Amino acid sequence: MAEAGRARADPAAGTGSTRARYRRILRFAAWHLAVTWWYELLLPRLGLRRITERTRTRRMIRFARRFRALAVELGGLMIKVGQFLSSRLDVLPPEITKELEDLQDEVPPVPFPAIRDLAEAELGTPLENIFAVIEETPIAAASLGQAHRATLLPAAAEDAGMSGVVVKVQRPGIEAIVDVDLAALRRVGGWLSHFRLVSDRADMPSLVEEFAQTSLEEVDYLQEAANSERFDADFAGDERVAVPRVAWERTTRRVLTLEDVTAIKITDTDGLRAAGIDPVEVAPVFASVMFDQLFTTGFFHADPHPGNIFVTPTPGAGGLPWRLTFIDFGMMGEVPPGTRSGLRKLLIAAAARDGGGLVSAIGEIGVLLPTADTAELERAMSRLFTRFGGMGFAELREVDPREFLAFANEFGELVRSLPFQVPENFLLIIRAMSLTSGVCSSLDPRFNLWDSVEPYAARLLREERGNLLQDAGRQVFDAAAVAFRLPQRLDRLAARAEEGSLTVGNPRLERQVARLDRTVRRAVSALLFTALLIAGAILRHDDPVLGTALLAVSVLPLLHSAWPGRRGP
């Protein structure tokens, strides 16, 4: 509570300042919502759709430039909103994303005296008592905090087990700014929820709350430190990934001290080549690591822009001669088990160019509502795979733009006619995948996502087969247990009937019990046959000997289920 009070007492977070900031954001949003309503809703109804279409690109560019200027001036969460918009390559035109893509590099740094005052108040001692050297010029200035390189004093270095560190300090007054920005975004989300064009596809208040939760976690550096250790544990023993250690003794909720792991920025292709590392080889490894986070561990780095990933050479280490070093674990996401299952199926369907499977997976994730008529969408996805499925980014650039335009118009009309929505917890997944795609294409202009997707999907498919085999095995075991126990249970039932302890009104009980016994045994045999047949068919591709053996053994329960047996009286 004291920390929050200090933040709100900062001059930058004064009452007049925060009110002006709040009104500024709302005025900007209200004006552009009114412009959008006029051009996109009213003019088409008046038969003036040509004006809407002719001016759309110019309006989008003007909006992006104005928002960029607003975000740079205000900082805070407005930078985060702009960064998110810049990653929405799937729904926003390139004119907007290009204008916003460099926002993370434009945040002006806070003067060092203010940073020093906050850090010393948090750590409870002058910086000279902890650090032998601390550079006043930040190595990175972000919207919520900034980082300075430093060297620990020998005693502090011995305690931490490291000497060179990076000290990350929050911007003074940032907590109050975050509160104001979230209040404004909640109001804008409420406005958007009244536009059917938006509300039919997304629950904006819920999405704003998801964004709010992520933002509040980002201003808690203890949470970020815990995230980094969890991420490190997920990749323990994986030679592809490195994570900086946390100096917990010098870390608080507003100051984070980490091992200095600065190396080659992942998109610095010249630096990579100078170190003897081929950028083309880095792209698929980075994609694979991101796939592991999204589809396997379910805990993923949601802000993998180039400034947050280094390539660290590891000469003489054996195996891979370099590692991907991740930093900045403030924005992390979790994939719920149900969503992860849908994503795995989506990846497998995409690798197999299965339009129907892809649409089914999209529905399971929750992006497509159950009421949607998916037949046309399946056909469109199949055509998409057939025409563009195997192309890399460079090859796509060579396609006639008119062909893209024709397909985009057709596909866009189809998508707008279907009940799509953006489910909760999905914004960060979209952001992570968009940034991953962008980093890979900058490393290798001819990068083909399918080259990374297909082997990964093949591995997932093998795992799914293994799960199916386990399910079949459990069914076989359960059925065998039922078959083994059934005669005993039927004997006890008949004995109780003979003793008179079971009151029944049918004198033909024994014949009915015998008939039931035969029926159940045949049903169990049929179940055993089905389970063995499925297991054999699955395994035959990877293990021909075992698969063939299971197929052969399945004949025995089949014969038993088909043989009528001796009929009773």
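Because the structure is predicted, anything quoted here is derived from the model rather than measured.
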query = In Å, rounded to the nearest 0.5 Å, how long is the span from CZ of Phe67 to CG of Leu74?
reply = 9.0 Å
Option from Thr312, Val243, Val311 for which side chain to side chain contact (heavy atoms under 4.5 Å, CB included) with Leu324 holds = Val311
query = Under 3.5 Å, is there a donor-acceptor pair linking the side chains of Arg245 and Ser228?
reply = no
request  = Scan side-chain atoms only and decide if Trp322 and Glu239 contain a donor-acceptor pair under the 3.5 Å cut-off.
outcome  = no
request  = Could you tell me whether the side chain of Phe300 reaches within less than 4.5 Å of the side chain of Val335, counting heavy atoms only?
outcome  = yes
key: Under 3.5 Å: donor-acceptor pair, side chain of Asp232, backbone of Ala242   = no
task = Examine distances only and state if a side-chain atom of Asn227 and a backbone atom of Phe329 form a donor-acceptor pair shorter than 3.5 Å.
result = yes
query = For the rings on Phe112 and His148, is their centre-to-centre separation under 6.0 Å?
reply = yes
query = If only atom types and distance count, is the side chain of Asp234 paired as donor or acceptor with the main-chain N or O of Thr297 below 3.5 Å?
reply = no
inquiry  = Is any side-chain heavy atom of Phe131 closer than 4.5 Å to one of Thr151?
reply    = no
request  = Drop me the distance from Leu153's CG to Asn129's CG, to the nearest 0.5 angstrom.
outcome  = 8.0 Å
request  = Answer whether the closest heavy-atom distance between the side chains of Gln146 and Gln170 falls below 4.5 Å.
outcome  = no
Of Glu218, Glu122, Glu175, the residue whose pairing with Arg253 passes salt bridge (charged side-chain N to carboxylate O under 4.0 Å, His left out) = Glu175
ask   = Would you say the side-chain atoms of Ser215 pair up with the backbone N or O of Phe211, donor to acceptor, closer than 3.5 Å?
value = yes
Cys440 side, atom SG; Phe447 side, atom CZ - distance, nearest 0.5 Å = 4.0 Å
ask   = Can you name the closest pair of heavy atoms from Gly76 and Ile174 and give their distance?
value = CA-CD1, 4.2 Å
message = I need the minimum non-hydrogen distance between Pro172 and Leu118, along with the two atoms involved.
response = CA-CD1, 3.8 Å
note = Minimal heavy-atom distance between Thr252 and Tyr221, with the atoms involved, is O-CB, 3.5 Å
query = So, Ser288 side chain and Pro284 main chain: donor-acceptor pair closer than 3.5 Å or not?
reply = no
ask   = Would Trp248 and Glu229 satisfy side chain to side chain contact (heavy atoms under 4.5 Å, CB included), going step by step from the backbone distance to the final call?
value = CA-CA 11 Å; Trp248 283 100; Glu229 293 204 336; 2.9 Å; yes
task = Would you sort out whether Leu272 and Asp278 count as a side chain to side chain contact (heavy atoms under 4.5 Å, CB included), showing the intermediate values?
result = CA-CA 7 Å; Leu272 291 174; Asp278 186 355; over 6 Å; no
task = State the NZ-CD1 distance between Lys168 and Ile115, to the nearest 0.5 angstrom.
result = 12.0 Å
ask   = Is the side chain of Thr296 donor-acceptor paired with the backbone N or O of Gln293 at a distance under 3.5 Å, no angle test?
value = no
request  = Side-chain contact test, heavy atoms from C-beta onward, threshold under 4.5 Å: evaluate it for Leu258 versus Met162 and give yes or no.
outcome  = no
task = Over 60° means perpendicular and under 30° means parallel, so classify the ring planes of Phe231 and His301, tilted if in between.
result = perpendicular
request  = Would you check if Val165 and Glu259 make a side-chain contact, meaning some heavy-atom pair closer than 4.5 Å?
outcome  = no
ask   = Which pair of heavy atoms, one from Ala184 and one from Ile25, lies closest together, and at what distance?
value = CB-CG2, 3.8 Å
query = Do you know the tightest heavy-atom contact between Ala157 and Ser163?
reply = CB-CA, 4.1 Å
inquiry  = Given the ring of Phe235, does Arg240 sit roughly above its face, with NZ or CZ under 6.0 Å from the centre of the six-membered ring and within 45° of the axis?
reply    = no
request  = Calculate, to the nearest 0.5 Å, the distance between atoms OG1 and CG belonging to Thr214 and Leu428 respectively.
outcome  = 4.5 Å
Side-chain touch Met78/Phe28, heavy atoms, less than 4.5 angstrom = no
request  = Taking atom types as modelled, find out whether Arg149 and Thr262 have a side-chain donor-acceptor pair closer than 3.5 angstrom.
outcome  = yes
remark   = Distance col, row Leu144:CG vs Ile177:CD1, nearest 0.5 angstrom, shows 9.5 Å
ask   = Does a side-chain heavy-atom distance below 4.5 Å link Phe326 with Val289?
value = yes
query = Is it true that the side chains of Thr267 and Ser442 contain a donor and an acceptor less than 3.5 Å apart?
reply = no
inquiry  = Let's go through Ile61 and Arg58 carefully: what are the C-alpha distance in whole Å and the side-chain angles of both, what is the deciding distance for side chain to side chain contact (heavy atoms under 4.5 Å, CB included) to 0.1 Å, and is it a yes or a no?
reply    = CA-CA 5 Å; Ile61 293 175; Arg58 186 169 66 252; 6.0 Å; no
query = Hey, mind stepping through Ile139 and Val166 against side chain to side chain contact (heavy atoms under 4.5 Å, CB included) and telling me if it holds?
reply = CA-CA 9 Å; Ile139 58 175; Val166 170; 3.9 Å; yes
remark   = Between Val167 and Ala150, the two heavy atoms sitting closest are CG2-CB, 4.0 Å
key: Main-chain N/O of Thr257 paired to Thr251 side chain as donor or acceptor, under 3.5 Å   = yes
message = Strictly below 4.0 Å, N to O, side chains only: are Arg21 and Glu73 in salt-bridge contact?
response = no
message = Between Glu120 (side chain only) and Pro126 (backbone N and O only), is there a donor and an acceptor less than 3.5 Å apart?
response = no
More than 12 heavy atoms of other groups within 6.0 Å of Glu158 CD = no
His32 and Arg66, any side-chain heavy atoms less than 4.5 Å apart = yes
